Each structure stands twice: as C-alpha cells, then as structure tokens.
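Below is one structure, written out as structure tokens; the observations come after it.
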There are 2 protein chains.
Amino acid sequence: MSRRSGVLEFAVLGLLRESPMHGYELRKRLNTSLGVFRAFSYGSLYPCLKTLVQQGWLAEETGHSPDDPRATPLSNRRAKIVYRLTADGKERFEELLGQTGPDAWEDEHFGVRFAFFGQTSRDVRMRVLEGRRSRLEERLAKMRASMARTREKLDAYTLELQRHGMESVEREVRWLNELIESEREGRPHRASPQDRGPGEPDGIQGRHRAGSSEDDTTT
Amino acid sequence: MSRRSGVLEFAVLGLLRESPMHGYELRKRLNTSLGVFRAFSYGSLYPCLKTLVQQGWLAEETGHSPDDPRATPLSNRRAKIVYRLTADGKERFEELLGQTGPDAWEDEHFGVRFAFFGQTSRDVRMRVLEGRRSRLEERLAKMRASMARTREKLDAYTLELQRHGMESVEREVRWLNELIESEREGRPHRASPQDRGPGEPDGIQGRHRAGSSEDDTTT
DNA sequence: GTTAGCATGTAAGGAGTTACATGATTTT
DNA sequence: AAAATCATGTAACTCCTTACATGCTAAC
C-alpha cells in the first residue's frame, strides 16, 4: 500500500497549502506549474489523495457550500470533492520543507523542492542549492574521468552525446552559482520576465510530421 | 515475467553487438558510455539478461575455454558468464534500430537511440532527430501558453524554475538543429578528436576493451 | 590477513503508468 | 444533439530499485 510517494505527496501538500482544490484541478496545476519536469496521471493522483486523507493530512469536502442551491441531501450527484489541508497536514508539509538530506537534491526531488522555495526558509534553500551543486560536480568529475579513459575508443555519436550531456550539467551548475550568489546577497534572482514577444527569437517554426494534434490530457 | 524493458533491452543488445561481455562489465558500460542519462542496477540487468537468453537473442558462454585447466566437472566454481549476441538477437536489434515511432524520441528513449546512431541508417537518424525536435517544440508551445496564462500569479521561484526549464528545452532544440543540419550536409557533427573522413559514416565499429578500473559501483 | 573490487544473483516492493469505466457540464 | 472537457476512480501492469545473499581474486 501507500501511494505516499515522495514527490507527489510533497507537491500535493504544497499546492493545497496555497488553496483547497479538487483532484482534477490539482492535476492540472501539477502538470503546468511544476510540470516541466514531472507529469502525473490520475491513476497516481487519486490513490495518493486517498492515503493522504487516511493519514489525516487532508480533509475532503463534498462541494455543498451553503450558498449552493443544489445542496439538497437527495441530489447526491457525484459531487466534486474539494481537498483541504488540515493542521496536521500543514505540519507535515513544514516538516518535509525542512528536510535537507540527499533526497532534497537528487534529480527526482530537486525540481519540486525548488518550486516551493517560496515557502522554504533561507538556510534550507541554501543547503539544498549547495547540495545540488556538489552533487552535480561529483557527476562532472566522473564524466571527465570516464571521457579521459574512453576517448578515441568511442564513435562520434556517443562522444557527441556525452559532450552535450556534460554541457547540460555544466550549465545547471552555472545556474546554481547564480542562484546561490543571489541568495547570499538577499536579492531575488532574475525576476525579469524578459518578455518574449510574438517575434519568435529562435528560428523556431516548421511543423514537421507527427503532427497529430494531441495535447496532454493523458487520461 | 518479462524484464523486456524498452531501454535496457535495447542498450544490452546494442552493447553486446559490439563485443561479447559478462554482466558486470556490461553494467559498467551502461552506466558510463550511455549512463549520463540512465543508470541501471544489477537487480534489473541480470533478470533482463535472463529473459533475453530465453528469447534466443543472447547465448551464454560459461568461461571454460578448452585450454582452461580448471574446467573439471568438479570445480564448478561459479564461472563468469559471457553473453554473446545470437543471429536472432542481431536481427532483433536491427528491427529495434529501424523503429521510428514516438517511442524513439520520448525522453526515456531518445538518449539511448542516439547513442547507437553509429549503427543506425541515415534516414532513420533524420526521422528520430526531427521527431524529437518537433516533440520539444510542442512542449515549448505549451510552456509559453502556460506562462502567458499564469504570469504575475506565480512567485519568483516558480517563475525562475519555468524559465530555466524553457531555456533547457530551447537549448536542446538548437542542438538538434545543428545535428540535423550536419546530417543533411553529410558531415559528422562537431567532430571532436579523430574524425572519420567524408566517407560513408555508417559502420563505425569502435573496438573497445575493458581495461578500465574504478567506478561508482552503486550496488 | 583484510579490505576493495570483481562477479552473480533473488525477493520484495516502490512509484508510477495505461487502459478501462463512468458520469456531469459546457461549448459548438 | 454531438463533441469536448470536466470530474472521479480502479485493476493490472511496468520498469526499476533496495536490500540481501554469496563467493572469488587482487592488492595493501
């Protein structure tokens, strides 16, 4: 049992902390606000909500606000279920927010932790950012060692893949450096929306094949 | 049953195509050559090898070459098992290499597909690269739409996270553009050291040897 | 003579997905 | 009145990890 997954549980508690929501909306928020990195399906969300209710961290409220004209006892019409964070749930979320183990900066967790930095205390933010950075630097060291060993033995594509992978990691390290610097000085990082107008600055265009107009809504 | 995972199966067949290996070495290769993106543990590798043998795609060879003095029936000393690709396995791998469905360019698969581009025909390479690019462009469009909708409502950290995520995707698109351009002109991309001449770019069969030492050994 | 790395496995389980099933409400 | 989207859920399955269990071999 226990759909008490790390990431999903954390994100659900965090989103509900801002305001109560029902499942469907929650899932949309998960897959847009935080969803650049992870996407969740109902098949994981609803069971997760259920166990969070069982833990006492969430409370279900079946629609029926006092000003709802359809709130007769008879019309038990599969009401929307609105989930609200309980006091215990708030406590739990704060406990999770404060954790700074490796769990906080591994690939699966870092994104969602960052997304809730607005609720996170500054020293925890620093520890998470620095933890992430040193994790990435370890990884870079390993990659460099491995490339030194295997260079000349790999074909061009494998090499190019490794080169691009390393550059991605290096880029994230630079990003973290900027963020850490900003935190240190107490200013809010970039903050400039840098309006990308309708100009399409990168030569992005060209619909290629595979054009099926499928959008997210992955059942 | 069936550890016939997409990615792992593909990578194992591809690596064994280059030369026979035993499990331990295979796992190291998986986690260095291709391993910038994925890392596999023995707990998935060995069962996978077993099912690939059952499918007839791999053959096991239990050390014991005729000149091995220890090859007595009594000293059944847990020999190294060397896995070799069978003819059927080679066929299977080529079948997988030729596939160009969405499976080829989604996040989980693209990396490993690229890693074996050296064995892949040029038109398949093009389809995979273009498929990947249009997948990423779809994603960008969604992100832009979502940002236009939610701007001003998100706190600085969530915004920064989305900005960085978008930039990462844009960067990968630029990379793909370069690669596609290179493929079109028939030249090998960035060409780090030792590049092959302008001849047929297929059939790059790098000879690698184990020789290596060290490593992460994430059990 | 003990640590470190080589080598092979298994059982249990975690974290999610897909496909299915159903029905309400809004838009076209 | 059809189509889309909103809304809730379950069962079966996938793919992989962790923790365990074992033993060989080289180096210090």
Side-chain angles (χ1 to χ4, degrees), chain A residues 1-12 21-31 35 37-51 53 60-63 70 75-83 102-103 106-109 112 213-219, chain B residues 1-12 21-31 35 37-53 60-63 70 75-83 102-103 106-109 112 210-219:
Chain A
M1 57 181 56
S2 103
R3 280 311 200 255
R4 297 184 302 98
S5 87
V7 174
L8 187 47
E9 172 191 330
F10 185 81
V12 165
M21 260 177 278
H22 54 264
Y24 191 86
E25 197 185 340
L26 205 42
R27 190 242 182 197
K28 270 204 315 191
R29 295 280 311 272
L30 282 171
N31 293 192
F37 307 94
R38 307 246 308 97
F40 295 99
S41 59
Y42 298 120
S44 44
L45 176 57
Y46 284 114
C48 172
L49 285 169
K50 196 179 275 184
T51 72
V53 169
E60 292 175 324
E61 267 148 32
T62 357
R70 306 183 308 276
S75 71
N76 201 355
R77 28 185 313 144
R78 175 121 86 148
K80 283 208 255 188
I81 299 173
V82 175
Y83 294 91
D103 272 15
E106 288 303 315
D107 291 333
E108 330 83 82
H109 297 83
V112 84
S213 61
E214 169 237 12
D215 66 295
D216 59 334
T217 63
T218 5
T219 327
Chain B
M1 58 183 57
S2 104
R3 278 316 201 251
R4 298 182 303 97
S5 87
V7 173
L8 187 48
E9 172 190 330
F10 185 81
V12 165
M21 259 177 279
H22 55 264
Y24 190 88
E25 197 186 342
L26 205 41
R27 191 243 180 195
K28 271 204 313 192
R29 295 283 310 273
L30 281 172
N31 293 194
F37 307 94
R38 311 265 276 108
F40 296 97
S41 58
Y42 299 121
S44 42
L45 176 58
Y46 283 116
C48 171
L49 286 169
K50 197 180 275 185
T51 73
L52 292 182
V53 168
E60 291 175 323
E61 267 149 32
T62 357
R70 305 184 308 275
S75 72
N76 201 356
R77 31 187 311 148
R78 178 119 86 143
K80 281 209 256 190
I81 299 175
V82 175
Y83 294 91
D103 272 14
E106 288 303 315
D107 291 335
E108 328 84 81
H109 296 84
V112 83
S212 61
S213 53
E214 82 110 342
D215 219 18
D216 56 337
T217 63
T218 358
T219 313

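We use all heavy atoms of the structure for the numbers below, so side chains are in, but hydrogens, waters and symmetry mates are not. Predicted, not measured: the structure shown is a model, and the values here were computed from it. Within every chain, numbering begins at 1; the chains are lettered A, B, ... in the order of the sequence lines, protein sequences first and strands thereafter.
- A11(B) and V112(B) make their closest contact through CB-CG2, 3.8 Å (heavy atoms, listed as atom of the first residue, atom of the second, distance).
- In plain terms, the two heavy atoms of R27(B) and S41(B) that are nearest each other are NE-CA, 4.2 Å.
- With sequence neighbours excluded, no residue satisfies salt bridge (Lys or Arg N to Asp or Glu O under 4.0 Å) with E60(B).
- Put simply, Y46(A) has a side-chain N or O that comes within less than 4.0 Å of OP1 or OP2 on dT8(D).
- Separating the NE2 atom of H109(B) from the P atom of dT14(D) is a distance of 14 Å, rounded to the nearest angstrom.
- Not counting sequence neighbours, E108(B) has no partner by the salt bridge (Lys or Arg N to Asp or Glu O under 4.0 Å) test.
- Checking dT10(C), dC16(D), dA7(D) against every side-chain atom of F40(B), the shortest atom distance belongs to dC16(D).
- The shortest non-hydrogen separation linking Y42(A) to P47(A) is O-CD, 3.6 Å.
- The phosphate of dT8(C) has neither OP1 nor OP2 within less than 4.0 Å of any side-chain N or O from K50(B).
- Taking 4.0 angstrom as the limit, S41(A) places a side-chain polar atom (N or O) nearer than this to OP1 or OP2 of dT17(C).
- The interatomic distance linking L45(B) (CG) with dA7(C) (P) rounds to 13 Å, in whole Å.
- For the atom pair CZ (R29(A)) and CZ (F40(A)), the distance works out to 14.5 Å, reported to the nearest 0.5 Å.
- Note: CD1 (I81(A)) to P (dC6(D)) measures 18 Å, nearest angstrom.
- Going from atom NE2 of H22(B) over to atom P of dC6(C) covers 9 Å, rounded to whole Å.
- The phosphate of dA7(D) (OP1 or OP2) has no side-chain N or O of K28(A) nearer than 4.0 angstrom.
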**Request:** Output, in order, the C-alpha distance, side-chain angles, deciding distance and verdict of side chain to side chain contact (heavy atoms under 4.5 Å, CB included) for L49(A) and I81(A).
**Result:** CA-CA 11 Å; L49(A) 285 169; I81(A) 299 173; over 6 Å; no
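- A close approach under 4.0 Å does not occur between any side-chain nitrogen or oxygen of S44(A) and OP1 or OP2 of dA15(C).
- The separation between L49(B) atom CG and dA7(C) atom C1' is 13 Å, rounded to whole Å.
- Y42(A) has no side-chain polar atom (N or O) that falls below the 4.0 Å cut-off from OP1 or OP2 of dT8(D).
- In this structure, L26(B) places its CG atom 15 Å from C1' of dG9(C), rounding to the nearest Å.
- Bending across the helix from dG1(C)-dC28(D) to dT28(C)-dA1(D), expressed as the angle between its end axes from five pairs apiece, amounts to 40° (10° rounding).
- Considering only the side chain of K80(B), dA7(C) comes nearest among dG9(C), dG16(C), dA7(C).
- A straight line from OH of Y83(B) to P of dA7(C) spans 13 Å, rounded to a whole angstrom.
- Rounded to whole Å, the distance from CG on L8(A) to P on dA15(C) is 10 Å.
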